[in-house]
Amino acid sequence: MAAALGGLGLLQGRVRLAAAAAATSSLGRPGRRAPVRGGAATALPSAGRSYSSEAKEEEELRVRYLDDEHKGIVVLGLNRSYAKNALNKNLLKMMSKAVDALKSDKKVRTVIFRSEVPGIFCAANLPVPTIAAIDGTALGGGLELALACDIRVAASSAKMGLVETKLAIIPGAGGTQRLPRTIGVSLAKELIFSARIVDGEEAKSIGLISHVVEQNEAGDAAYRRALALAKEFLPQGPVAMRVAKLAINQGMEVDLVTGLAIEEACYAQTIPTKDRIEGLLAFKEKRPPRYKGE
């Protein structure tokens, strides 16, 4: 949410289809809070100090900026418990607003999308890496949101599928396009035609997710794995991370020759940056680099 808003514009036009298909969907659970609605949230047990406190129960989207060793990681949590995180216009509007704010925040290194509703998961064209943490059920629109993220992590007990054909409709928020690009055309057709639901283990075996973990008692194993993964990204150069994502995304849509030209143009953008000089100095002086995203 782990996971992009080329999908959100489309989602807003097709919210009724996505909402119907995602009626049983889910992301993760529990940072400093961003200005979406209301106060802050509770700290996550034994995952390091994270956010501030006092989240309003009626908040449908919670945005948290993590602190301390997780500084630079932002968590977007869906919180429509009464509707099992089903998508509606208000939630999509809030997500779009939050993503627009994150796009221009140079302090943001990685964004994790999760659900704050236990057992439910239900993400965004951001320039930084995005991770979907699937700890519960991600069906229909929920899985389409996860597919919009760069990386997906799920608990072994999680349930995923594009089930729209059971409702006599088709995935309408990017599912028919992103699923084939993720797991291959033939297998994507099989899953969509059959409306099959897979668990975390099978999702990993077919390449739908990158990591699968055993669920824990707190029900947030995927979130914790996503947090550990995001922490691995923090030391890298912020400009390089953004440009690398751009090069990969654009290059995957063209032939190799054009893709190499895109890579060359993106590489050129990193040369005049202060971060590149800092990286060279840090290597020479055998110390950790202090990147500023400049």
Side-chain angles (χ1 to χ4, degrees), residues 1-4 7 11 18 21-29 76-78 84-87 110-124 129-167 170-216 218-230 232 248 252:
M1 153 210 220
L11 277 169
T24 56
S25 46
S26 75
L27 256 156
R29 222 173 312 222
L76 295 187
L78 304 186
K84 296 185 178 180
N85 280 350
L87 305 175
T110 300
V111 177
I112 297 175
F113 290 86
R114 68 176 312 197
S115 167
E116 306 215 354
V117 181
I120 305 291
F121 169 91
C122 192
T130 55
I131 306 172
I134 308 171
D135 272 308
T137 303
L139 302 179
L143 181 55
E144 288 179 296
L145 286 173
L147 284 167
C149 290
D150 299 313
I151 300 166
R152 285 162 296 284
V153 179
S156 56
S157 58
K159 303 297 181 184
M160 290 157 272
L162 295 180
V163 298
E164 286 86 345
T165 53
K166 284 187 175 181
L167 303 175
I170 69 169
T176 62
Q177 303 306 304
R178 290 192 175 98
L179 187 62
R181 285 168 166 79
T182 302
I183 65 174
V185 175
S186 181
L187 189 50
K189 287 179 178 178
E190 181 180 329
L191 293 186
I192 291 173
F193 294 167
S194 65
R196 185 183 304 155
I197 297 173
V198 300
D199 61 18
E201 295 291 350
E202 185 175 357
K204 176 65 168 63
S205 71
I206 64 177
L208 179 56
I209 61 175
S210 300
H211 302 274
V212 59
V213 290
E214 288 297 320
Q215 188 56 281
N216 56 26
D220 64 354
Y223 170 68
R224 290 177 183 275
R225 182 66 184 92
L227 191 61
L229 189 59
E232 288 185 48
I248 294 170
M252 288 301 294

Query raised in the report: Where do K159 and V198 land on the side chain to side chain contact (heavy atoms under 4.5 Å, CB included) test, with the steps shown first?
Result: CA-CA 6 Å; K159 303 297 181 184; V198 300; over 6 Å; no
Query - Spacing of S194 atom OG and K166 atom NZ [to the nearest 0.5 Å] - result: 8.5 Å
Query raised in the report: Do L162 and L191 pass the side chain to side chain contact (heavy atoms under 4.5 Å, CB included) test, and can you show the C-alpha distance, the side-chain angles, and the key distance before you say yes or no?
Result: CA-CA 7 Å; L162 295 180; L191 293 186; over 6 Å; no
Report summary line: Scanning both residues in full, the closest heavy-atom pair of I183 with G207 reads CG2-C, 3.9 Å
Query raised in the report: What side chain to side chain donor-acceptor pair (under 3.5 Å) pairs are there with at least one residue in residues 195-204, not counting sequence neighbours?
Result: E190-R196
Requested in this report: Would you please test M160 and I134 for side chain to side chain contact (heavy atoms under 4.5 Å, CB included) and show each step?
Outcome: CA-CA 9 Å; M160 290 157 272; I134 308 171; 3.9 Å; yes
**Report entry** Minimum heavy-atom distance E164-G140, with the two atoms named
**Finding:** OE2-CA, 3.3 Å
Requested in this report: Check step by step if side chain to side chain contact (heavy atoms under 4.5 Å, CB included) holds for L179 and L208.
Outcome: CA-CA 8 Å; L179 187 62; L208 179 56; 3.7 Å; yes
Report task. Measure the CD1-OG1 distance between I197 and T137 for me, rounded to the nearest 0.5 Å. Result -> 8.0 Å
Report summary line: Heavy atoms of A133 and A226 approach each other most closely as CB-CB, 4.0 Å
Requested in this report: Taking the side chain as every heavy atom from C-beta outward, state whether V111 and L76 have any pair of such atoms under 4.5 Å apart.
Outcome: yes
Query raised in the report: Does P171 offer a backbone N or O that forms a donor-acceptor pair with the side chain of T176 under 3.5 Å?
Result: no
Query raised in the report: Do N216 and R224 have side chains that get closer than 4.5 Å, going by heavy atoms?
Result: yes
Query - Beyond-backbone contact of Y223 with I112, side-chain heavy atoms, under 4.5 angstrom - result: yes
Query raised in the report: So among I209, I131, T130, V212, which one has a side chain to side chain contact (heavy atoms under 4.5 Å, CB included) with R152?
Result: I209
**Report entry** Test item: E144 side-chain N/O and A173 main-chain N/O as donor-acceptor pair under 3.5 Å
**Finding:** yes
Requested in this report: To the nearest 0.5 angstrom, please state how far the NE2 atom of H211 sits from the CD1 atom of I151.
Outcome: 6.5 Å
Requested in this report: Work out which heavy atom in A222 is nearest to a heavy atom in A155; give both atom names and the distance.
Outcome: CB-N, 3.8 Å
Query raised in the report: Within the distance-only criterion (no hydrogens, no angle test), does the side chain of D135 pair as donor or acceptor with the backbone N or O of A221 below 3.5 angstrom?
Result: yes
